[in-house]
Amino acid sequence: MTELAGRVTSLDGISAADDDAVLANGCQHVYHSQSSAIRDAARLFRDSDYHLEHITCLDLRSDEGGGLRLSYQFNVHGTSDRHLLLVDLAPDAHAPTIVDIFRGADWYEREAFDMHGVVIDDHPDLRRLLMPEDYTGHPLLKDFADADPERHIMAAPMSEEDEGDG
Amino acid sequence: MTDFPQIFGGHWPGVLAATVAIMGFITVNALMLIWLERKVSARIQRRYGPTEVGPFGLLQTLMDVVKLIGKELVTPDHVHRPLYLIAPVLVFAPLLALLSLIPIDEGWIFHDYDIALVLLLAFSSLNIIGIFAAGWGSNNKYALLGAVRAVAQNISYEIPLLLAVIPIVIMTRSLSLHEIASAQAAYPFILVQPLAAIIYFIAGTAETNRAPFDIPEAESELVAGFHTEYSGMRFGVFFLAEFTHMVIICSVATILFLGGWHGPLLPGWLWFFLKVYGLILVMMWFRWTFPRLRFDQLMSFAWMILVPLALVNLLVTTVVLKL
Amino acid sequence: MAETMELVPDATDPKTYYLNMGPQHPSTHGVLRIRLHLEGERILGADPIIGYGHRAHEKMAENRDYLQFLPNSSRVDYLSGMIYNLAYCQAIEHAIELDVPERAEVIRIICGELNRISSHLLWLGTFVLDLGGFTPFLYGFDDREKILDILDSITGSRLTYCYGRFGGVTMDVDDEFLRRTSDFCDYFKRRLGEFDELVTDNVIYQQRTKDVGVISSDLIQDYALSGPVLRAAGVAHDVRKTEPYGGYDRFDFDVPVGQRGGDCFDRHTVRMEEMRQSLRIIDQALACLPDGPIMAAKVPKRIRPPAGDHYFAVESARGHFGMFITSDGTDIPVRHKLRTPSFVNVSTMPVVLPGTMLADTVAILGSIDIVVPEIDR
Amino acid sequence: MLKQTLTGARSLLTGMKVTFKNAFKKPVTSQYPRERIEMSQAYRNVIVLVEKEDVGSHDCIDCGMCERVCPSFCIKVEGERPEGMKRKRATRFEVDFALCSECGLCLDVCPTDTLGYSREFDQAGYGRNDFLYDLLIPYRDREETVRDTLRAAEAEAAAAKKAAVAKKAAAKKAAEEKDAAGDEAPGGDGDDS
């Protein structure tokens, strides 16, 4: 564990993810974080010259519970040292903004709001990004229903017999 | 002087006949120039250009004009109607008067005014009113921006244009185009006034809004500039005016600097047209080679480079002539 | 914080006005709309409005198995479709830990670099077109056409190649392909000199690009810029160097950086130099193309990456293209996030554009080489 | 200032030289309807059923792999098992080319390699249904005769196989008998093809 990773895990509400439990292929460090700790972590990464590679929202809701998850990924120029911050949110998702720390987070946060309905608190300009302003619904949610179900083609998974090595 | 105007006389039928002749020339000339422009651009870009209609695609533009005439004249709802409708006429009308001033050969001229050069420069600035009317009347932001740019550009480039012409006037002590051309029987003035010639040609290219000075209609930023809202033959008239304006600027350049109709072997009128179309070809060559200047750079080029150079040239000319 | 505009223009200020540039505009390279707040020709504020070309690639990925997303990958950015297509294959191979035969790797690099040149050529053409020069546009297209012909001869398509497969490529290259590629390299080295004469050295071109649209180093960290835009600002960062994927570490090439602090002219010189470096890579790759199979021997029929997150990044023609794939162990991903470089580059526009002229807007948009469908995905 | 102007002017002249030189080179475009370029060998277009030498017709066995793998869901295959035959024959093979993205995944999975690309390149139509292709059209009229020959071939192959199996079993039996007479091993011979 590098020095930076140690400083990140020492923040309140952030813990390093267990390597066995969480697979993050391509990322060197993975953390679980409370949503309250995102801003502290972002500030820490900013001070260490890291940049925000992307914010991705996932819909992990299932019958057993679960909610949305925001993945913040930080990296540094010159070499590659990826830190992935997983923030699990309750189904009525709210998350703090980090636009004032990384301006580039602006569109990612708007995208999360647009596509997954995550409300980013204190975002200065929380509008839809990709969908039209008068659109209802959040298309990347798993239970999103297309207005025209006829058009909605689901993949036909391959049958079990086809399994095996080619 | 065998007076060409005598054929038509100073009377109404003569004026009418002259107008018809000029109109015919403008139309045929524009058709051929558009074809030429398309062919030149195609060759430069290693394409074929029009090939289908007529031999070498010569009739392609005729077909295009037929199409343009056949189109419905759409007048958008939000325009200022009187301005919008009169603008193409305003752009086109002065050019008729201008062409009648140009001597094609010894004595081949409709009206040999003593102050033809002043008249010509005055009339050629008139079409800017039409352009501004088009931009303002279209009630469209792109069109308005294009019109504003056109006005600023034309006013700026009038000055180096005038300053480049004055040395010639001083040298010949005449404002008559016919006399200026006649004075160059021995040698064309470009040999003694190369700087003035270059400045005139650059400023003239800018006056006609041709690339690299085509910012009033810069298609990559202003869509189509002042004629964004025009369609059908109204647009066609703007196009016609642009190409006619090119002919006028190049004709004047020929008369002022290239010796008009003077030349060995060939008849005078042929020399004249050869020179004019040669210059037009160079203008086309410019257009298909260079990127466009930015608006402020265009202005500073006129005021910071062309005007001082023209002034210096004027000063030198007067000093040399006085000695 | 980027100053954001109010949605209703301030009608009380008669000196300023709003101009909607796009969605249909000659120079927005697709259906991008930028709301410009202008005073005369000077820009006070800019607000890019995107989503007109949104094709829901991420939603489609969640409704298909991994193999079925393959044709989508090159459509994310249709100008460097080969790079994106191979990147997706490499991402999946990375996730399921599948080794690719060496020959396939080298073929992939040749095709990817050819595609990078063709993408840069198109950028050069459209950028000069934005500045009003029409002819270099067609010269660029002419050379790009030569590359497309070469790629066509092994992939069968000209734009949205579906050439890669998990574990290799679909079709082997033949001697004809190798000969044409090396001929093209020789030809193009000369041709680049012509482009320099016609475009780079041109005084009008330099006037239009120098000190215009400076995307400087202080924006780099804020926005995580990448690709030529980042290198023009002076940071020698290239994913091919920092995390060599697909065998790029075997080849010798330089990472060009800008000298003037990240203006449009820097982005131009960086891309021109990148084309030369791509030629260098192709030359080396042609010399060392090994024999052997083009498909891995054991490719699982059903692609099921282990449950978890998989991130894989490549250097596309526009910059850092990353794929964040979240798998739950089944053959349909939970989430397939595409981190596209144009998205990032365009999001800097509210900061970069204010203070420039209207004509510069076009130049800046052109110089960062946006591909609108790549922004919208 | 003057020097700048002069170098600027020279760069403009160099640019003009480049365009001038290019103006006298041969055009690179081709006049499409009059000249046609040869398609590359790898050219992809709508899929076709390739005629297989050994079958004398297409060899689609309605396995449904292409239908399942297609990302655009544009293939529809139906088939039947002709009487007296083991393998199926396709009775319907339709491609909605308006949806196809020419990815070639169907060619990859085809077990009999009977799918190929056509060489057409200038399809055009007035509606989306104009691109609904029935790939079986060239094979319709000879389907019956093909089935007969296939049936015969299959029967022949089955007979040959049976004979081979029987021969093998007989040889095995003989060997076993030779090895250990009296030890009765029930031979599990039955063709399991």
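We name chains A, B, ... by the order of the sequence lines, and we start the count at 1 in each one.
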Answer with yes or no whether the side chains of B/Arg38 and B/Thr61 bring together a donor and an acceptor at under 3.5 Å. no

So that I can tick it off, tell me whether C/Arg191 and C/Asp143 are bridged by a salt bridge, with the cut-off set at under 4.0 angstrom between side-chain N and carboxylate O. yes

Can you tell me which portion of C/Asn20 sits under 4.5 Å from chain B's heavy atoms? Options are side chain, backbone, both or neither. backbone

side-chain contact (heavy atoms from CB on, under 4.5 Å), that's the test. Do B/Thr205 and B/Tyr157 meet it? Break it down for me. CA-CA 9 Å; B/Thr205 314; B/Tyr157 277 84; over 6 Å; no

C/Val199 versus chain B, the contacting section by heavy-atom distance below 4.5 Å: neither

Is it the backbone or the side chain of B/Gln297 that comes under 4.5 Å from a heavy atom of chain C, or both, or neither? side chain

Matching residue for C/Ser367 among C/Arg267, C/Arg271, C/His268 - test: side-chain hydrogen bond (donor to acceptor under 3.5 Å, both in side chains): C/Arg267

Between C/Asp149 and C/Lys146, does at least one N-O distance fall below 4.0 Å, as a salt bridge requires? no

Structural part of B/Phe290 lying under 4.5 Å from a heavy atom of chain C: both

State plainly whether the residues C/Asp196 and C/Arg276 are in salt-bridge range, i.e. N to O under 4.0 Å. yes

Considering residues at least two apart in sequence or located in another chain, which fulfil the side-chain hydrogen bond (donor to acceptor under 3.5 Å, both in side chains) criterion with C/Tyr17? none

Which residues in residues 230-239 of chain B have a heavy atom less than 4.5 Å from any heavy atom of chain C? none

Between C/Asn202, C/Leu19, C/Val362, which residue shows the highest count of heavy-atom pairs closer than 4.5 Å to chain B? C/Leu19

In terms of heavy-atom pairs under 4.5 Å with chain B, the winner among C/Phe137, C/Tyr139, C/Tyr205 is C/Tyr139

Hey, does the side chain of C/Asp376 reach the backbone of C/Gly51 with a donor-acceptor pair shorter than 3.5 angstrom? yes

Please walk me through it: do C/Leu131 and C/Phe127 pass side-chain contact (heavy atoms from CB on, under 4.5 Å)? CA-CA 6 Å; C/Leu131 299 180; C/Phe127 181 44; 4.1 Å; yes

